[in-house]
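Report on one structure; see the data block that follows.
One-based numbering, in listed order, for ligands and for the atoms of each. All residue numbers refer to positions in the sequence shown, counting from 1.
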Amino acid sequence: VSGYRVGVVGATGAVGSTILEVLAERDFPVSELVPFASNRSAGKRVSFDGSEREIRPLSPDSIQGLDLAISSAGGSVSAEWAPRLADAGAVVVDNTSYWRMHDDVPLVVAGVNDDAVDAHRGIVANPNCTTMEMIVALKPIWDEAGIERIVVSTYQSVSGTGRRAIEELRTQARAILDGDRPESEVFPHQVAFNVIPQVEMFSDGDDYTTEERKVVNETRKILGTGEELGISATCVRVPVVTGHSESVNVQTRDELSPDACRELLARSDGIVVVDAPADGIYPLAIDAEGSDEVLVGRIRRDASHERCLNLWVVGDNLRKGAATNAVQVAELLHQRGQVRAAREPVRVG
Ligand SMILES: NC(=O)c1ccc[n+]([C@@H]2O[C@H](COP(=O)([O-])OP(=O)(O)OC[C@H]3O[C@@H](n4cnc5c(N)ncnc54)[C@H](OP(=O)(O)O)[C@@H]3O)[C@@H](O)[C@H]2O)c1
């Protein structure tokens with residue numbers, strides 16, 4: 001059997017634990033799985049494909065001999081360790097925001113801009129979850145009718161912020177139902193029974209958040225456009241555990257009717273059209289959870305503009321929004337012979 005020595009950095013996290021599941025589900029050729037997390041977790045175990053693996057801390061020694069590393073341990077960890085992992089011979093698929101906008105780092109959504117992966121120099125970046133699911137839904141429209149402008153408002157789940165955020169929602173919900181006043185540590189305000197119009201931070205006096213800036217910049221990088229594509233984003237946190245919902249208003253270059261859009265999306269890979277609103281059928285976060293497809297519904301004409309459509313887009317932020325896309329990028333690297341072991345296969349068993 002041949003396969004790769006695969007490191008998963010951040011293996012105890014919301015994204016990392018999903019990466020372990022998706023690697024096993026999709027039968028990615030793994031000869032040895034090496035889970036990494038912080039020193040706090042060293043010696044603990046995670047399960048992969050039915051057996052237990054011991055977690056290691058990142059160190060110059062522990063990262064030797066990997067063919068591929070999929071990293072989701074935060075921007076500062078990737079800033080330091082992605083180049084070190086690449087120097088040690090691994091191709092790194094990075095889920096954090098740190099490398100996404102670097103010129104030498106391709107930003108890849110599998111099924112949207114696969115060929116971009118070929119330009120990598122050791123690191124490939126995975127886009128932000130909000131951008132990822134929007135772009136999966138919009139790419140067929142981009143190809144068919146062109147897009148001039150996008151206005152998106154998001155309804156983002158707490159798991160997008162990680163494990164501690166899921167716990168905060170649960171703890172706050174219990175406290176409120178018990179009549180107590182909850183504390184907020186992860187989010188800037190109470191998230192349970194509330195809606196917060198701030199995802200991530202306002203930095204340097206900017207009146208858009210870092211998340212909103214990512215949606216704009218990453219979308220343009222993936223589609224290979226500049227400011228000629230107008231994008232306006234408002235990112236909002238809602239008390240949902242998993243699944244980001246997005247209201248997307250898209251202005252096309254050419255006319256596209258709602259029916260033609262529905263048919264186009266229905267025959268596109270990675271998308272499921274869920275659109276019979278009169279029967280109460282439209283995408284729901286609780287239905288998207290666990291799915292690798294992006295759900296699109298409420299496809300309708302914007303009555304205020306002849307070339308604008310409104311869509312409701314929902315995806316699992318931990319799967320296609322993060323882990324599934326990272327594993328699909330690893331598959332692209334494998335298929336294109338760009339993982340070290342593809343040139344020097346590791347023989348095991
Ligand atoms: N959640 C999403 O939907 C999503 C989507 C796309 C991208 N991302 C990005 O993915 C990254 C992780 O997100 P998450 O939601 O999985 O967060 P999380 O649940 O908080 O997990 C963080 C992981 O990083 C590990 N870690 C922290 N410091 C480390 C260090 N110094 N060295 C090695 N490992 C360290 C943690 O290990 P311990 O258990 O030992 O603390 C844990 O495994 C973030 O950069 C995030 O922006 C998240």
Side-chain angles (χ1 to χ4, degrees), residues 7-22 34-46 48 53-60 62-63 69-82 84-85 92-100 107-109 124-135 154-169 185-187 199-201 209-211 213-215 218 235 237-238 240-246 285 288-290 292 314-329:
V8 173
V9 181
T12 53
V15 175
S17 54
T18 312
I19 290 169
L20 297 177
E21 285 169 29
V22 175
V34 187
F36 294 94
S38 76
N39 291 329
R40 297 178 289 275
S41 302
K44 288 188 196 159
R45 291 175 168 271
V46 286
F48 172 71
R53 312 286 153 118
E54 190 172 312
I55 294 169
R56 301 184 195 176
L58 289 163
S59 76
S62 69
I63 63 166
I70 308 184
S71 183
S72 63
S76 58
V77 174
S78 287
E80 178 182 354
W81 288 94
R84 288 183 165 201
L85 283 155
V92 181
V93 181
D94 188 43
N95 271 294
T96 76
S97 58
Y98 189 82
W99 295 101
R100 291 179 192 148
L107 183 61
V108 181
V109 180
V124 183
N126 221 31
N128 168 277
C129 38
T130 311
T131 307
M132 186 99 68
E133 60 183 74
M134 182 177 82
I135 221 156
T154 70
Y155 304 68
Q156 297 183 223
S157 68
V158 298
S159 65
T161 308
R163 249 179 3 206
R164 286 180 59 231
I166 303 172
E167 203 41 52
E168 180 150 305
L169 172 59
E185 286 174 10
V186 176
F187 294 110
V199 176
E200 294 205 340
M201 321 170 287
T209 60
T210 45
E211 180 86 349
R213 292 286 175 200
K214 286 180 201 172
V215 172
E218 294 178 20
C235 293
R237 187 73 65 191
V238 295
V240 167
V241 175
T242 299
H244 290 353
S245 304
E246 305 182 12
E289 187 174 354
D292 288 326
V314 184
D316 184 326
N317 48 292
L318 296 173
R319 290 191 67 101
K320 181 64 185 177
T324 301
N325 194 68
V327 175
Q328 288 170 327
V329 168

List ligand 1 atoms under 4.0 Å from [X], heavy atoms only on the residue side.
{"X": "L318", "result": "1 (N), 2 (C), 3 (O)"}
{"X": "S159", "result": "1 (N), 2 (C), 3 (O)"}
{"X": "L58", "result": "32 (N), 33 (C)"}
{"X": "T12", "result": "36 (C), 37 (O), 38 (P), 39 (O), 42 (C), 43 (O)"}
{"X": "N317", "result": "3 (O)"}

| How long is the span from the CZ atom in F36 to the OG atom in S41, to the nearest 0.5 Å? |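 Output value for this atom pair is 13.0 Å.
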Between [X] and [Y], what is the shortest heavy-atom contact and its length?
{"X": "V15", "Y": "A322", "result": "CG1-CB, 3.8 Å"}
{"X": "V199", "Y": "E211", "result": "O-CB, 3.3 Å"}
{"X": "T96", "Y": "S72", "result": "CG2-CA, 4.5 Å"}

Is there a polar contact between ligand 1 and [X], counting only N or O atoms under 3.5 Å apart?
{"X": "R163", "answer": "yes"}
{"X": "T96", "answer": "no"}
{"X": "G13", "answer": "yes"}
{"X": "F36", "answer": "no"}

| Without hydrogens or angle criteria, can the side chains of Q156 and E246 be said to hold a donor-acceptor pair below 3.5 Å? | no
| message | Does either side chain, that of T161 or that of R237, offer a donor lying less than 3.5 Å from an acceptor on the other one? | response | yes
Best match, [options]: closest heavy atom to [atom]:
{"atom": "atom 24 (O) of ligand 1", "options": "A73, A42, S41, A11", "result": "A73"}
{"atom": "atom 13 (O) of ligand 1", "options": "V15, I19, N95", "result": "V15"}
{"atom": "atom 45 (O) of ligand 1", "options": "G74, A322, S17", "result": "G74"}

Just to confirm my output: which protein heavy-atom neighbour is closest to [atom], and how far is it?
{"atom": "atom 12 (C) of ligand 1", "result": "S72 O, 3.1 Å"}
{"atom": "atom 41 (O) of ligand 1", "result": "R40 NH2, 2.8 Å"}
{"atom": "atom 30 (C) of ligand 1", "result": "V77 CG2, 3.5 Å"}

| message | Using a strict threshold of under 4.0 Å (side-chain N to carboxylate O), is an ion pair present between K214 and E200? | response |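 Looking at E200 and K214, the cut-off is met.
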| Does the protein put a heavy atom less than 4.0 Å from atom 37 (O) of ligand 1? |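 So far as the 4.0 Å threshold goes, atom 37 (O) of ligand 1 is in reach of a protein heavy atom.
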